[in-house]
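First, the structure itself, so that you have it in front of you.
Residue numbers start from 1 in every chain, and the chains themselves are labelled A, B, ... in the order their sequence lines are given, proteins ahead of strands.
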There are 2 protein chains.
Amino acid sequence: MNTTKKVGRPKKFDRDQALNTAVNVFWRKGYDGASLTDLTKAIGINPPSLYAEFGDKEKLYRLAIEHYASNDACKPLVVFEDQPQIRAAVSEFLNEVIVYSTRHESGAKGCFLSSCVATTAGEVEGVQSLMKKAIESTEKRLVARFEKAKSEGELGADFPSKQRARLMFDLRQGLVFRARAGCSAASMKKELERWIDIILD
Amino acid sequence: MNTTKKVGRPKKFDRDQALNTAVNVFWRKGYDGASLTDLTKAIGINPPSLYAEFGDKEKLYRLAIEHYASNDACKPLVVFEDQPQIRAAVSEFLNEVIVYSTRHESGAKGCFLSSCVATTAGEVEGVQSLMKKAIESTEKRLVARFEKAKSEGELGADFPSKQRARLMFDLRQGLVFRARAGCSAASMKKELERWIDIILD
DNA sequence: ATTATATTATATCGATCACTACAAAATATA
DNA sequence: TATATTTTGTAGTGATCGATATAATATAAT
C-alpha cells in the first residue's frame with residue numbers, strides 16, 4: 001500500500017546508485033578535491049536534485065561513508081565471513097584486500113576509508129566518529145568469525161580472537177597504503193603465506 | 001666566500017621552517033583543504049613571497065612531502081636506528097609511532113604520508129612516486145638496522161630482515177590509521193608486546 | 001481537462017579559490 | 001649619496017567553489 005507510484009515527476013536516479021557513485025568520486029579525488037560539478041556529472045543529475053536528496057556536500061559525504069561501511073562495499077569482510085575453513089578465510093581476506101585495493105571499479109587505489117576519508121577526520125564534522133564506528137564494527141565481525149572457528153573446533157579454545165582480529169586489521173592498512181602508492185598486487189602477495197601463519201599462530 | 005650577505009632586501013622567513021609549517025598545515029587540512037590563505041598565514045608571509053620561493057601550491061606540496069620524508073620528520077625511524085638493543089629498538093619504534101600519531105605538534109593525528117598524502121596519490125602529479133620512494137627508503141633503513149643486529153649477533157643469521165621490515169612497516173599503518181580515527185594511545189599500546197614478539201620471532 | 005505535487009533543467013548567486021601586477025621598503029655595491 | 005637588486009605588502013585578477021531562485025516538465029489525483 002506504500003510501494004505504489006508517487007505523485008509528481010519521477011526521479012531519474014536511484015538513491016543507492018547515486019551514493020555508490022559519490023563514494024567512487026570521493027575515493028578518487030578526496031572530499032575537498034571532489035567538486036559539486038564532479039559529483040553531479042558522475043551521478044548524472046543537476047545540482048538542485050543533489051541538494052534536494054542529500055542536503056549538502058558535507059551530508060552527502062557522511063552518507064557516502066555510511067553507505068560504504070554498511071553496504072558490504074568492503075568485500076574482503078564478506079569473503080572472510082563466507083569461507084567455511086578459517087585458514088582459507090584469512091587467506092581470501094588478505095587476497096581480496098589486495099585485489100580490491102589495486103583494481104577497484106572506482107579507478108582509485110587503496111581503501112576509501114583509510115586512503116581518503118582519513119584525511120578529513122579532523123576537518124569534517126562527524127567523520128572521525130564514523131571512522132571509529134567502522135573500525136569497531138569491522139573488528140567485531142572479524143572476532144565473530146574467529147569465535148565461530150573456535151566453537152567448530154578449527155581453532156583452539158585459547159585462541160586470542162580479539163588480538164588476532166586487530167593484527168589482521170592493522171596488517172590490512174599496510175596493504176592498502178602500498179596499493180595507494182602504486183605497489184603491484186604481485187609484490188604484495190609475496191609475504192602473504194607468512195602472514196596467515198602469524199595470524200593463526 | 002658564498003655565505004656572505006646577499007644583495008637586496010632580506011627574507012623574513014626561513015625556507016626549512018616554512019616547509020615544516022606547510023607540512024603541518026597540509027597534515028591537518030589535506031592538500032585540497034589547505035588554502036593559500038591557510039598556508040601563508042601559518043608561515044607568516046604574503047602570497048608573492050610563497051610563489052617566489054616555492055613556485056605554486058602543487059610544487060610546495062611536493063617539496064613539503066620531500067622535506068617530511070628526508071628530514072627525519074618521521075621520528076620513529078630515527079629512534080629505531082639509534083637504540084643499541086634490537087628489541088628495545090622495535091619497542092621504541094612502535095611506541096614512538098603511537099606517540100607521534102596521537103600528539104603531533106601539527107595538532108593532526110596519524111601520519112602525514114598515510115593519513116593525508118595518500119588521498120592525493122591519484123590526483124596530484126608526482127605524489128604517487130614520492131610515496132613509493134618514501135616506502136622504499138623507509139624499508140631500506142629498517143632492513144639495515146636488522147642487518148646490523150644480525151652482524152652483531154643479536155639476531156640469528158637466518159633472520160629474514162626484509163620480511164620483518166615489511167611486517168613492521170605494515171603494522172605501523174594500522175596504528176596511524178587508528179590514531180587518525182581518534183583511538184587513544186593507551187588502547188593501542190595494549191597489544192604492543194605481542195607485536196614485538198611477532199616481529200622478532 | 002484541470003489541479004496539485006514533485007522533480008527537472010537553466011541560469012545564476014556571492015564567496016572563496018589559486019595566483020599576480022605593482023610599487024614601496026630594505027639591503028649591498030659603487 | 002646614488003644605484004642596483006631583492007623581497008616586501010597591498011590590492012587586486014579571472015576562475016571556480018558550494019549552493020539556489022525560478023520556471024518548465026512530468027506524474028497522480030480530482
What nucleic acid atoms does A:Pro48 come within less than 4.0 Å of, heavy atoms only: base, sugar-phosphate, or nothing?
base

Any salt bridge linking A:Arg145 with A:Glu81? Criterion: basic side-chain nitrogen under 4.0 Å from a carboxylate oxygen.
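The answer is no: the pair does not qualify as a salt bridge.
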
Does OP1 or OP2 of D:dT7 have a side-chain N or O of B:Ser49 closer than 4.0 Å?
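Result: no.
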
Answer yes or no: is there a donor N or O on one side and an acceptor on the other, between the side chain of B:Asn46 and the main chain of B:Pro48, under 3.5 Å?
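Here the side-chain-to-backbone pair does not exist.
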
Atom-pair distance (CZ on B:Arg9; P on D:dT7), nearest Å:
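B:Arg9 atom CZ is separated from D:dT7 atom P by 11 Å.
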
Rounded to whole Å, please give me the gap between NZ in B:Lys57 and C1' in D:dC17.
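That distance rounds to 12 Å.
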
Quick check on DNA chain C: between B:Val7 and B:Leu36, whose nearest nucleotide comes earlier from the 5' end?
B:Leu36

pair_partner(D:dT30), Watson-Crick or wobble, both distances < 3.5 Å, evaluates to C:dA1

Can you name the one residue among A:Arg28, A:Lys57, A:Lys29 that meets salt bridge (charged side-chain N to carboxylate O under 4.0 Å, His left out) with A:Asp38?
A:Lys29

How do A:Lys11 and A:Pro47 order along DNA chain C: which one's closest nucleotide is nearer the 5' end?
A:Lys11

Side-chain N or O of B:Lys12 less than 4.0 angstrom from OP1 or OP2 on D:dG9?
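Yes, within the criterion.
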
B:Tyr51 vs C:dC19: side-chain N/O to OP1/OP2 distance below 4.0 Å
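Answer yes for this pair, as a side-chain N or O of B:Tyr51 is under 4.0 Å from OP1 or OP2.
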
Using the ring pair (Phe, Tyr, Trp, His ring centres under 6.0 Å) rule, take A:Phe26 and A:Phe112 through it: C-alpha gap first, then chi angles, then the decisive distance, then the call.
CA-CA 8 Å; A:Phe26 284 130; A:Phe112 178 49; 7.1 Å; no

